[in-house]
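Reminder, nothing fancy here: chain letters follow the sequence lines and each chain counts from 1.
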Number of protein chains: 2
Amino acid sequence: MILSPPAREVMSTDCPWRDVNEMLRLAGLRPTRQRVALSRLLLGKGARHLTAEMLFEEATQARIPVSLATVYNTLNQLTEAGLLRRVCVDGNKTYFDTRVSAHHHFYLENSYELVDIPDLDLKLEEHPRAPDGYEIARIDLIVRLRKIR
Amino acid sequence: MILSPPAREVMSTDCPWRDVNEMLRLAGLRPTRQRVALSRLLLGKGARHLTAEMLFEEATQARIPVSLATVYNTLNQLTEAGLLRRVCVDGNKTYFDTRVSAHHHFYLENSYELVDIPDLDLKLEEHPRAPDGYEIARIDLIVRLRKIR
DNA sequence: TTACGTGCAAATAATTTGCAGTCCC
DNA sequence: GGGACTGCAAATTATTTGCACGTAA
């Protein structure tokens, strides 16, 4: 089930209980303890880029009892529902981005961090038209950065 | 060891024996049976996008006795040497691109195929400047395509 | 000769899945 | 109460590595 953008906008601004519950319900997911807790961690503080392992770690620190498998499942379900976006950087780790609107990324090769590129900095390319018979599903632009010296 | 662009240009245009041998030697790799054979498959016919598994399959069909591990090792060594470029599309498969100069890709989501975007079709974006202290290592642009209907 | 390569099988790493028990509606 | 969800452990997939043997210089 795909959530329409406006619905998402409202829900993710901050993170009071009812909103997360409702968000999950709208996404067709039962608001269980684990899902609610993970959603709050994810969406409670602006744009974030997390791996499953990172979120699991955070949950553990926050004394939220949840298994790694459930973290994976939840991330996949929220992605499915359009509440998260999968970002692939280097093949051996999958990042999940809490900002789902169109935007691009810097990848810091030294620290393995993913950072949003401010829209202002990017007068977007006239992107190529899709070949006949195809439509553009999405455009991923990743600028890989390396520390100088 | 990194090969300078001009050297590469010359070597990869076609694929006579001596050139591949020399190419490998210049890259600091001993031109063994397997490496020579794999290099010819890779570089013998224009731009290609292959996974290790695909190359292994091709080698097997061509009666080239080589192990999957050696295919992986060779791909990594050639990438290291700047003769191939790693492209990450969806996290669970690594593609190797035989074209190492700057260019971008279409990814066909239905067939899991990677295709070069003709340079003509892409008036390149004024790409964002790197933040202070960083330099741009590389820019990856992937336009994901989906078949219409 | 001798260091570098190769093949195989075993090791890793990230992620998924099967299933028995648990919890929301 | 019943189906959806969770946790655990086992399975999968892509890739890497250790080591005995082979081969190019």
K.L.:
May I ask you to evaluate whether Tyr72(A) reaches the phosphate of dT15(C), defined as a side-chain N or O under 4.0 Å from OP1 or OP2?
P.N.:
yes

K.L.:
Mind calculating the distance between CZ (Phe56(B)) and P (dT16(D)) to the nearest angstrom?
P.N.:
15 Å

K.L.:
Quick one: which protein N/O atoms are closer than 3.5 Å to N/O atoms of nucleotides 8-11 of chain C? Pair and distance per line, please.
P.N.:
none

K.L.:
Do the side-chain N or O atoms of Asn76(B) get closer than 4.0 angstrom to the phosphate oxygens (OP1, OP2) of dT16(D)?
P.N.:
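So the side-chain polar atoms of Asn76(B) do come within 4.0 Å of the phosphate oxygens OP1 or OP2 of dT16(D), strictly under.
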
K.L.:
Determine whether a donor-acceptor pair (N or O, by modelled atom type, separation under 3.5 Å) exists between the side chain of Arg33(A) and the backbone of Pro65(A).
P.N.:
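No; zero donor-acceptor contacts below 3.5 Å.
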
K.L.:
Examine distances only and state if a side-chain atom of His104(A) and a backbone atom of Ile117(A) form a donor-acceptor pair shorter than 3.5 Å.
P.N.:
no

K.L.:
Can you name the atoms? Protein N/O to nucleotides 22-24 of chain D N/O, anything below 3.5 Å, with the distance.
P.N.:
unit_1, atom_1, unit_2, atom_2, d
dA24(D), OP1, Arg33(B), NH1, 3.4

K.L.:
Please determine whether salt bridge (charged side-chain N to carboxylate O under 4.0 Å, His left out) holds for the pair Asp140(B) and Arg85(B), giving the CA-CA distance in whole Å, both sets of side-chain angles, and the decisive distance to 0.1 Å.
P.N.:
CA-CA 11 Å; Asp140(B) 287 329; Arg85(B) 176 173 159 175; 3.1 Å; yes

K.L.:
Atom CG of Leu68(B) to atom C1' of dG5(C): distance rounded to whole Å?
P.N.:
16 Å

K.L.:
Can you tell me how far P of dC4(C) sits from CG of Leu24(B), to the nearest Å?
P.N.:
16 Å

K.L.:
Check the distance between dG5(C)'s C1' and Glu80(B)'s CD and give it to me in whole angstrom.
P.N.:
17 Å

K.L.:
Let me know the distance between CD of Glu22(A) and P of dC24(C), rounded to the nearest Å.
P.N.:
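In whole Å, dC24(C) P lies 19 Å from Glu22(A) CD.
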
K.L.:
Whether the side chain of Arg35(B) engages the backbone of Arg30(B) through a donor-acceptor N/O pair (distance < 3.5 Å, no angle test) should be reported.
P.N.:
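Side chain of Arg35(B) to backbone of Arg30(B), a donor-acceptor pair under 3.5 Å: yes, one is there.
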
K.L.:
Could you grab the distance from atom CG of Leu78(B) to atom CG of Leu84(B), nearest 0.5 Å is fine?
P.N.:
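The distance works out to 5.0 Å.
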
K.L.:
Using only side-chain N and O atoms of Lys93(B), determine if any of them is under 4.0 Å from OP1 or OP2 of dT13(D).
P.N.:
no

K.L.:
To the nearest Å, how far apart are Asp90(A) CG and dA13(C) P?
P.N.:
15 Å

K.L.:
So Val89(A) and Lys93(A), do their side chains get closer than 4.5 Å, heavy atoms only?
P.N.:
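Lys93(A) does not reach Val89(A) side chain to side chain.
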
K.L.:
Give one of base, sugar-phosphate or nothing for Asn73(A), where a contact means two heavy atoms less than 4.0 Å apart.
P.N.:
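Answer is base: heavy atoms of Asn73(A) come under 4.0 Å of a base.
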
K.L.:
Nearest whole angstrom, please: distance from the P of dA14(C) to the CZ of Arg86(A).
P.N.:
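In whole Å, dA14(C) P lies 16 Å from Arg86(A) CZ.
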
K.L.:
How long is the line joining CE of Met54(B) and C1' of dA14(D), in whole Å?
P.N.:
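Met54(B) atom CE is separated from dA14(D) atom C1' by 15 Å.
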
K.L.:
Please determine which of Thr98(A), Leu83(A), Leu24(A) meets the side-chain contact (heavy atoms from CB on, under 4.5 Å) test together with Ser39(A).
P.N.:
Leu24(A)

K.L.:
Please tell me if Gln34(B) has a side-chain N or O lying less than 4.0 Å from either OP1 or OP2 of dG7(C).
P.N.:
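Looking at the OP1 and OP2 atoms of dG7(C), one of them is under 4.0 Å from a side-chain N or O of Gln34(B).
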
K.L.:
Just to verify, which of His103(A), Arg48(A), Arg86(A) counts as forming a side chain to side chain donor-acceptor pair (under 3.5 Å) with Asp97(A)?
P.N.:
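Option passing the side chain to side chain donor-acceptor pair (under 3.5 Å) with Asp97(A): His103(A).
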
K.L.:
When all nucleic acid strands are considered with a 4.0 Å heavy-atom cut-off, which category describes Thr94(B): base, sugar-phosphate, or nothing?
P.N.:
sugar-phosphate

K.L.:
Hey, can you tell me if Tyr107(B) and Tyr112(B) have their rings parallel, tilted or perpendicular (30° and 60° cut-offs)?
P.N.:
tilted

